Number of protein chains: 2
Amino acid sequence: MHRGKLTVRDLRAGNRARVLRVLYLDGPRSRHELAEVTGLSQGSVSNVTGELIADGVVVEAGHVDSDGGRPRVLLRVNPRHAVVVGVDVGETHVLVEAFDLTLRRLATTKFAMQPDTHSADEVAKRILAGLRRCLTESGAGQGDVLGVGIGLPGLVEHGLVYGQTVGWDGVPLERMLRAGTDIPLHLDNGANTAGQAELWFGAGRGIDDAVITLIGSGVGASVIAESVPYRGTSGGAGEWGHTTVALDGRECRCGAFGCLEAYIGAKGVVDRYRSLGGTVPADQEAALRSLVASDTALARQVLREVARHAGIGIGSLINLFNPERVILGGWAGLLLGSRLLPDIREEAARHALRRPFAQASIMLCELGPESVALGAATLPVAELLAAGGARPVAPIRTAG
Amino acid sequence: MHRGKLTVRDLRAGNRARVLRVLYLDGPRSRHELAEVTGLSQGSVSNVTGELIADGVVVEAGHVDSDGGRPRVLLRVNPRHAVVVGVDVGETHVLVEAFDLTLRRLATTKFAMQPDTHSADEVAKRILAGLRRCLTESGAGQGDVLGVGIGLPGLVEHGLVYGQTVGWDGVPLERMLRAGTDIPLHLDNGANTAGQAELWFGAGRGIDDAVITLIGSGVGASVIAESVPYRGTSGGAGEWGHTTVALDGRECRCGAFGCLEAYIGAKGVVDRYRSLGGTVPADQEAALRSLVASDTALARQVLREVARHAGIGIGSLINLFNPERVILGGWAGLLLGSRLLPDIREEAARHALRRPFAQASIMLCELGPESVALGAATLPVAELLAAGGARPVAPIRTAG
DNA sequence: CGACTTATTATAAGTCTTGAACTATGGTCC
DNA sequence: GGACCATAGTTCAAGACTTATAATAAGTCG
């Protein structure tokens with residue numbers, strides 16, 4: 001409603017965005033098809049595609065055979081028009097990856113981080129080093145980079161990062177990185193970037209209203225409303241993990257009691273299993289994997305608890321957001337879901353209203369943990385699409 | 001993102017909407033001020049206001065004194081351009097009210113309904129009768145009515161009403177009413193219409209991201225995201241009352257166990273008090289009023305439970321939606337909140353994450369129960385604003 | 001009464017979409 | 001193999017709209 005005023009020039013920008021979006025998301029298309037799909041006249045499509053080709057964003061991609069008539073020329077986004085970089089800042093690693101414009105992976109650099117070296121300075125240094133290395137490896141100059149998307153473990157607001165679990169309380173990461181590069185930066189919560197990846201390339205393709213959950217050691221969610229991330233007043237929406245599911249329940253690392261995260265997050269589940277006498281490897285991921293593979297009475301009990309609480313949480317999501325699809329993501333979500341999905345569905349049905357539940361499908365995610373970096377890389381691309389292919393002028397940009 | 005294609009003509013429509021919206025929501029303005037506020041050039045403002053005046057939507061409203069220079073002519077929305085009607089279909093009544101375009105009340109008709117006469121036929125009959133009576137009383141003909149908004153106890157989808165609590169499962173209320181009138185109809189959940197009223201005229205004025213709760217006998221909520229109601233894939237978003245707050249908790253009338261509604265809805269609260277030995281009047285509203293006024297140990301205990309659960313529920317809303325404001329509404333919400341608001345705030349703080357909580361204010365609603373009908377009447381007005389003052393051509397329209 | 005100030009309207013220039021006419025490029029059929 | 005047909009894509013005049021600028025209207029002040 002409150003989009004800026006409209007000038008006749010914005011029409012062109014909007015139509016460029018329309019056309020480019022179709023080309024990006026729905027593969028190669030001829031001008032003719034573009035006219036049908038976008039509703040624009042053929043003349044306008046010609047003009048718009050002409051500009052896009054002149055700008056190098058779009059290229060011709062061969063003909064399609066005709067049976068009587070001039071053959072269609074296919075157009076597609078030029079993968080080499082720009083490089084985008086996605087960064088995944090996790091609690092134990094920093095992963096930097098470079099992609100072409102169509103998000104094919106060009107280069108990867110990974111740093112392991114010890115929790116005690118997890119200062120913002122160290123992280124920033126790793127990001128910049130990874131960026132340099134990836135650019136060298138993919139043969140791109142600074143000017144070729146459309147932007148760098150960074151998925152972080154916490155909320156991002158005005159370029160400041162608030163990550164309770166890593167002890168960041170208002171870290172000016174954007175400014176710190178700005179000292180090392182002029183490339184446009186896009187900071188966002190890792191749950192959101194993973195959700196974005198799943199939405200474009202995974203289980204959320206073509207869905208307009210979705211909730212993508214991210215269950216790892218902690219628990220988050222990314223809400224998509226009408227194809228656009230729902231952020232709330234300061235970008236902090238979707239903090240699903242700290243929904244209370246039990247009055248005076250288990251203590252959560254956030255300090256509260258009874259948070260969902262304490263019941264279905266990897267740490268909570270493994271701790272629970274151990275506290276009941278189960279033995280599993282020390283490493284959290286190995287522990288959860290072993291638990292999910294076990295068929296003892298104790299394992300079954302613990303997993304039943306997980307399914308119940310996950311069902312409650314998902315039921316609430318369905319009631320509150322009325323999504324078309326709920327996607328179970330994150331490494332722990334994938335592990336737990338692979339065994340518990342039917343149980344979780346059943347529990348969710350018990351706790352959601354009938355109609356919204358019937359309209360929502362509950363599915364496993366299709367991408368692995370690398371979706372955080374991939375999704376981060378979609379951020380500059382999304383901006384490019386929204387701008388209709390015009391490269392950003394101001395180099396500063398955040399998710400806030 | 002997926003708004004229809006843009007033609008050069010839509011510019012004018014968009015600018016008409018812009019101007020009209022400012023005039024409606026921000027009182028009388030001169031053309032000069034309109035140009036500043038909307039960002040349009042003075043010439044365009046002249047054109048647009050000229051059309052609006054010609055259409056009768058806007059009228060001049062006197063001059064403002066000048067100190068040297070031509071005085072500004074104030075423009076405002078013409079209250080008598082059209083009549084709008086709001087209907088509140090509750091579980092025990094049907095309330096029909098007529099308003100002028102600026103939503104000043106012109107006429108009111110109320111029917112009491114017994115639960116056993118609560119068939120859709122009866123309701124439709126009452127609505128049509130109330131409509132006729134209100135129009136006569138306000139001296140308006142059918143053609144003068146911009147539209148009728150109807151707030152219902154349940155979800156609305158494609159003109160069909162699903163209200164579990166009144167036993168409506170896909171009632172084609174719109175079609176039934178269509179047989180009795182040609183006036184455009186707007187059906188929506190009563191929680192949404194009340195929220196809309198609170199947003200325009202109550203505690204939500206000027207807020208872009210809000211959650212307005214409606215606590216009566218049942219419990220619902222209306223979510224406003226970026227000034228627009230959040231609906232989800234089928235208009236069923238915001239079903240807050242059936243969020244699970246206790247595993248295997250109290251049975252709810254929806255059939256599930258542990259729903260929030262069973263803990264903070266009027267019925268749940270009063271039942272709980274009675275089950276612990278408290279005595280209150282038979283009438284639900286009188287009962288709750290008496291309970292809130294009591295200062296016995298038992299009353300305090302029951303109310304403390306209510307505050308705890310309300311805090312959990314509101315904390316979850318804050319975590320998930322990251323709103324700027326949470327508004328406690330509905331007759332029971334108003335009653336309970338008047339005594340418990342500080343306790344509820346405290347409990348919500350305990351269960352929400354720090355940052356989102358700090359950004360959200362929790363307030364009582366400012367409008368009474370009549371907000372359902374008032375909010376319903378905003379629906380046709382909102383459509384008029386969005387259309388830039390053009391009366392709808394197709395007479396059929398729903399919230400679905 | 002005339003200079004000055006401010007609000008509103010008229011006018012000219014430029015951008016954009018559309019729709020129709022027009023060009024390009026292939027297949028088909030005799 | 002050439003005339004004819006079908007489909008794709010381009011060009012161009014017409015119309016709608018906005019902005020900037022100039023002109024006009026309507027007051028105040030000395």
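Note on naming: letters A, B, ... go to the chains in the order of the sequence lines (proteins, then strands), and numbering restarts at 1 for each one. Values in this document were obtained by computation on a predicted structure and should not be read as measured data.
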J.: Among dT18(D), dG9(D), dT17(C), find the nucleotide with the atom closest to the side chain of Gln42(A).
T.: dG9(D)
J.: Counting only side-chain nitrogens and oxygens, does Ser46(B) get under 4.0 Å of the OP1 or OP2 atom of dT9(C)?
T.: yes
J.: Kindly point out which of dT10(D), dC16(C), dT7(D) is positioned nearest to the side chain of Arg70(A)?
T.: dT7(D)
J.: Assign each of Arg12(A) and His63(A) to its nearest nucleotide of DNA chain C by heavy atoms, then name whichever residue's nucleotide is nearer the 5' end.
T.: Arg12(A)
J.: Do the side-chain N or O atoms of Asn15(B) get closer than 4.0 angstrom to the phosphate oxygens (OP1, OP2) of dT18(D)?
T.: yes
J.: By nearest atom, which of the nucleotides dT18(D), dG19(C), dG9(D) is closest to the Leu11(B) side chain?
T.: dT18(D)
J.: Using the ring of each side chain (for Trp, its six-membered ring), is Phe321(A) parallel, tilted or perpendicular to Phe321(B), with breaks at 30° and 60°?
T.: tilted
J.: So, Thr49(A) side chain and Ser46(A) main chain: donor-acceptor pair closer than 3.5 Å or not?
T.: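 Yes, the answer is positive, given that a donor and an acceptor are paired below the 3.5 Å cut-off.
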J.: Map Pro71(A) and Ser44(B) onto DNA chain D by nearest heavy atom, then report which one ends up closer to the 5' terminus.
T.: Pro71(A)
J.: Name the closest nucleotide to the Ser30(A) side chain, picking from dG19(C), dT19(D), dG9(D).
T.: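 So the nucleotide nearest the side chain must be dG9(D).
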J.: Examine distances only and state if a side-chain atom of Asp55(A) and a backbone atom of Val57(A) form a donor-acceptor pair shorter than 3.5 Å.
T.: no
J.: Verify the contact: side-chain N or O of Arg9(A) to OP1 or OP2 of dT19(D), cut-off strictly under 4.0 Å; return yes or no.
T.: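 Checking dT19(D) against Arg9(A), no side-chain N or O comes under 4.0 Å of OP1 or OP2.
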J.: Val73(B) or Gly43(A): which one's nearest nucleotide on DNA chain C is closer to the 5' end?
T.: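 Here Val73(B) is the residue nearer the 5' end.
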J.: Which is true for Val45(B) with a 4.0 Å heavy-atom rule: it touches a base, it touches only sugar-phosphate, or it touches nothing?
T.: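 Nothing: the residue Val45(B), judged by heavy atoms under 4.0 Å, touches no strand.
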J.: Within less than 4.0 Å of OP1 or OP2 of dA7(C), is there a side-chain N or O belonging to Arg72(B)?
T.: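 Checking Arg72(B) against dA7(C): at least one side-chain N or O falls below 4.0 Å of OP1 or OP2.
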J.: Go through dT18(D), dT18(C), dT8(C) for me and flag the one nearest to the Asn47(B) side chain.
T.: dT18(D)
